[in-house]
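Lettering of chains follows the sequences in order, A, B, ..., and the numbering in each one begins at 1.
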Amino acid sequence: MAVYDSRTREARVFAPITPPRVGLYVCGLTPYAPAHIGHGRTFVVFDVVARSLRRWGYRVFYVQNVTNLDDKLIARAAEEGIDPLALAERHFAEYARTMERLGVRSVDYLPFATDYIPEILAQIRALVDRGFAYRAADGSVYFEVARFPGYGKLSRQNVAELRPGARVEVDPRKRAPEDFAIWKAATPGEPSWESPWGPGRPGWHIEDTAMTGRLFGPRYDLHGGGVDLIFPHHEAEVALSESATGEAPLANYWMHCGLLLLRGEKMSKSLGNVAPLDASVDKAGPGPLRLYYLNAHYRSPLDFDPDRSLDEAREAYARLRQPFDRISEALERGGPDREGTEPPGPLGDEAEALVERLDATLADDFNSREAIALLFGWARRLGELSGSLDAIAPAGLERIRAPYDWASEVLGLFEERRAAPEDRSSRVVDVAIAARARARARGDFAESDRIRDELRAAGIDVEDGAAGSRWRRSGPG
RNA sequence: GCCGAGGUGGCAGAAUGGUUAAUGCGACGGACUGCAGAUCCGUUUCCUGGGGGUUCGAUUCCCUCCCUCGGCUCCA
């Protein structure tokens, strides 16, 4: 398995510190507002990373932090007149529901920043004691970048050439513009904790290193997040942890997910170009949305067009899953004891070889796009024999379904199909279809069309073919 | 200004120092159908930002220019 490490800027063979265990840490959400479709990309990508590693035998401990207290949360909560921690809780609950719908279930632990205050204070203490951090007059504590010579090695930034204040105003309490707050002095009315430097709350960067220090130790295997976090956030994490512990590197591999752009630009509240994640799951369905995300290399930027991207993904997803549905239906119809033939030709062997190839493709820096292209090839292959599936014995059907099972396990596709097999065997629908068949047989197309329209209104699509009528649920797949 | 990622057909997006540059969407044609949709098959063999260079051969490697996007100390 090889992964592109954004620290060394090259693809490297993956070797965990203590195999088969893998510590995976991904920067999660600051739940000050509902998650948008760009967040979804990052979390689906790392869901596939975790699924893949587990499939290949690694025992992954996947941690994704939740920054449940920061300036934006406090500002937003003040607008709404509620407690910032409660606001975070509310948006986090929605986020968790959306992740569940999207099939993102690989995360083992979602620690909240405010649950790690003792670890944060301990790390600040270590940094102050070692001379890497200083207390400002108001009781805030800052990390002094000039004391850490390795600063910039992750992002390859040169401190002298940065442009302070480009996006965020420079805090006058700092000794140097590049210093950053690790403890923020309390403001009346905001949540705060006692500390040796006065009451306050944690800065952003130190929450991650306090958590990983506690959960993984001074070094761990894999750190992920969006590319927009490389600087300053991840650079600050490196500086904090390596200064506090004296051990390096903090993470052996850094994976950075490309941004999802909305018509060429990053989503932001100020531009007003935010596509909410939950509504996108509603519109596209979990499977198509995952397909959309995974249909680009994770490191590439991905351009989202709200007018067409989700529709395209739905069309493609429906096409991809068609043979899978046919196989599953054939299996359900006959039961495991149904008699039948072997799959024609060497198809079963091809399926086996394809699964190996899919694993190899994903093992090459998680090239999900290439894997999807291979899966479409398999769909085409199976489409050629769609009519004769019924003749194949259950064991044979399961063999040729193997690439789809792979896609389900690793990419998280087609899970909705598995979750709701009862949709396929609704007696009521079968009765309506039978009534419509009788109407068609006697040439009563007005009645036949009326039944079809009513079924469609109820979310059932009817398809007429040579072998009779078939039906399926319409709507998000 | 500095750091980084990109520029591939109508659109979204892969890949590779070498026969027709994947895959999907869309479009077109056909099969199926009472019609439609869905599905299946086929076609879309004049697509690699501009200019240099290395090479027998460059979309791929090197240089340069242009453009877009991201970051520059609280963004997935």
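Taking atom P on both nucleotides, B:G70 is separated from B:G10 by 26 Å, rounded to a whole Å. Comparing the P positions of B:A14 and B:A5 gives an interatomic distance of 15 Å, to the nearest angstrom. If you take atom P in B:G9 and the same atom in B:G4, they sit 27 Å apart, rounded to whole Å. B:C63 and B:A21 have their C1' atoms separated by 25 Å, with the value rounded to a whole Å. For the C1' atom pair drawn from B:A15 and B:G52, the interatomic distance equals 26 Å after rounding to whole Å. With both ends at atom C1', the span from B:G53 to B:A58 equals 11 Å, rounded to whole Å. If you take atom P in B:G6 and the same atom in B:C75, they sit 24 Å apart, rounded to whole Å. Taking atom P on both nucleotides, B:U59 is separated from B:U48 by 9 Å, rounded to a whole Å.
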(message) Working note: A:Tyr404 + A:Phe414, criterion ring pair (Phe, Tyr, Trp, His ring centres under 6.0 Å); need CA distance, chi angles, decisive distance, verdict.
(response) CA-CA 8 Å; A:Tyr404 280 97; A:Phe414 317 119; 5.4 Å; yes
(message) ring pair (Phe, Tyr, Trp, His ring centres under 6.0 Å), that's the test. Do A:His256 and A:His234 meet it? Break it down for me.
(response) CA-CA 10 Å; A:His256 287 103; A:His234 291 161; 5.0 Å; yes
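In this structure, A:Glu315 reaches the sugar-phosphate backbone alone: every heavy-atom distance under 4.0 Å involves primed, P, OP1 or OP2 atoms, never a base. Within the nucleic acid shown, A:Gly224 has no heavy atom closer than 4.0 Å to any nucleic acid atom. Within 4.0 Å (heavy atoms only), A:Gly38 reaches at least one base atom of the nucleic acid. Within 4.0 Å of A:Asp305, counting heavy atoms only, lies no atom of the nucleic acid at all. Residue A:Arg9 is classed as a sugar-phosphate contact, given heavy-atom separations below 4.0 Å to backbone atoms only. Heavy atoms of A:Phe376 sit under 4.0 angstrom from primed sugar atoms or phosphate atoms, though from no base atom. Counting non-hydrogen atoms under 4.0 angstrom, A:Val462 reaches a base of the nucleic acid. At the heavy-atom level, A:His233 lies nowhere under 4.0 Å from the strands shown. Using a 4.0 Å heavy-atom criterion, one finds that A:Leu259 contacts the bases of the nucleic acid, with or without backbone contacts as well. Nucleic acid contact class of A:Leu229 (heavy atoms, under 4.0 Å, all strands): sugar-phosphate only. Looking at heavy-atom distances under 4.0 Å, A:Ser268 makes no contact with the nucleic acid at all. Heavy atoms of A:Arg436 sit under 4.0 angstrom from at least one base atom.
Pair check for B:G26 finds B:U44; Watson-Crick or G-U wobble, both atom distances under 3.5 Å. As the counterpart of B:C69, B:G4 is assigned, both hydrogen-bonding distances of the Watson-Crick or G-U wobble pattern falling under 3.5 Å. Across all strands shown, B:U54 forms no Watson-Crick or G-U wobble pair with both key distances under 3.5 Å. Nucleotide B:U60 forms a pair with no other nucleotide shown, judged by Watson-Crick or G-U wobble geometry with both contacts under 3.5 Å.
Rounded to an integer number of Å, the gap from CG of A:Leu358 to P of B:A14 is 18 Å. Distance CD (A:Glu161) to P (B:C72): 17 Å, rounded to an integer number of Å. Atom NE2 in A:His223 sits roughly 13 Å away from atom P in B:A76 (whole-Å rounding).
Nearest-nucleotide positions on RNA chain B place A:Ile372 closer to the 5' end than the other of A:Arg41 and A:Ile372. Comparing A:Ala181 and A:Ala316, the nucleotide of RNA chain B nearest to each residue sits closer to the 5' end for A:Ala316.
No donor-acceptor contact under 3.5 angstrom links the side chains of A:Tyr116 and A:Asn65, judged on distance only.
Contact annotation: side chain of A:Arg326 to base of B:C40, donor-acceptor pair absent below 3.5 Å. The base of B:G4 lies outside donor-acceptor range of the side chain of A:Ser6, with no N or O pair under 3.5 Å. In terms of polar N and O atoms assigned as donor or acceptor, the side chain of A:Asp311 never comes within less than 3.5 Å of the base of B:G26 in a complementary pairing.
At distances below 3.5 Å, not a single donor-acceptor pair connects side-chain atoms of A:Asp108 with backbone N or O atoms of A:Val63. Of the possible donor and acceptor atoms, one in the side chain of A:Lys174 sits under 3.5 Å from a partner among the backbone N and O of A:Asp179. In terms of modelled atom types and a separation under 3.5 Å, the side chain of A:Ser241 and the main chain of A:Val238 share no donor-acceptor contact. For the pair A:Asn273 (side chain) and A:Ser268 (backbone), a donor-acceptor distance under 3.5 Å is present.
Using a 4.0 Å cut-off, some side-chain N or O of A:Lys266 falls inside it from OP1 or OP2 of B:G71. Phosphate proximity of B:G24 to A:Arg319: present, with a side-chain N or O under 4.0 Å from OP1 or OP2. Residue A:Lys174 places none of its side-chain N or O atoms closer than 4.0 Å to OP1 or OP2 of B:U73.
Of the candidate nucleotides B:G1, B:C41, B:A76, B:G1 has the atom nearest to the side chain of A:Arg163. For A:Arg440, the side-chain atoms get nearest to B:G34 when compared with the rest of B:A14, B:A76, B:G34. Considering only the side chain of A:Phe180, B:U73 comes nearest among B:U73, B:A76, B:C69. Distances were taken from every side-chain heavy atom of A:His39 (C-beta onward) to each of B:A76, B:C75, B:C25; the shortest belongs to B:A76. Of the candidates B:C75, B:G34, B:A14, the closest approach to any side-chain atom of A:His297 belongs to B:A14. Here the nucleotide nearest the side chain of A:Phe231, chosen from B:A76, B:U73, B:G70, is B:U73. Comparing atom distances between the A:Arg380 side chain and each of B:C41, B:U73, B:C75 picks out B:C41 as nearest.
Electrostatic pairing of A:Asp278 and A:Arg97 does not count as a salt bridge here, judged by no charged N lying under 4.0 Å from a carboxylate O.
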(request) Summarise protein proximity over nucleotides 6-12 of chain B in one line of letters, 5' to 3': B for base, S for sugar-phosphate only, - for none, counting protein heavy atoms closer than 4.0 Å. (result) ----BSS
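Remark: A:Arg263 fails to qualify as a cation-pi partner of A:Phe304 under the 6.0 Å distance and 45° angle criteria applied to the six-membered ring.
Nearest heavy-atom pair, A:Tyr4 versus A:Arg9, reported as atom, atom and distance to 0.1 Å: OH-CA, 3.3 Å.
The side chain to side chain donor-acceptor pair (under 3.5 Å) test with A:Tyr25 singles out one residue from A:Thr212, A:Asp208, A:Thr209, and that residue is A:Asp208.
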Result block: side-chain N/O donor-acceptor pairs under 3.5 angstrom for residues 88-96 of chain A, not counting sequence neighbours:
residue : atom : partner : partner atom : Å
A:Arg90 : NH2  : A:Glu80 : OE1          : 3.3
A:His91 : ND1  : A:Pro31 : O            : 3.2
A:Tyr95 : OH   : A:Gln64 : OE1          : 2.6

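In this pair, A:Phe445 lays its aromatic ring flat on the base of B:G34, centres within 5.5 Å and planes under 30 degrees apart.
The stretch residues 151-159 of chain A touches RNA chain B through A:Tyr151, A:Ser155, A:Arg156, A:Gln157, each having a heavy atom under 4.0 angstrom from the strand.
Inter-residue side-chain proximity for A:Leu85 and A:Phe112 is flagged as unmet; no heavy-atom pair is nearer than 4.5 Å.
Note: A:Phe148 and A:Phe143 have perpendicular aromatic rings, judged against thresholds of 30 and 60 degrees for the angle between ring planes.
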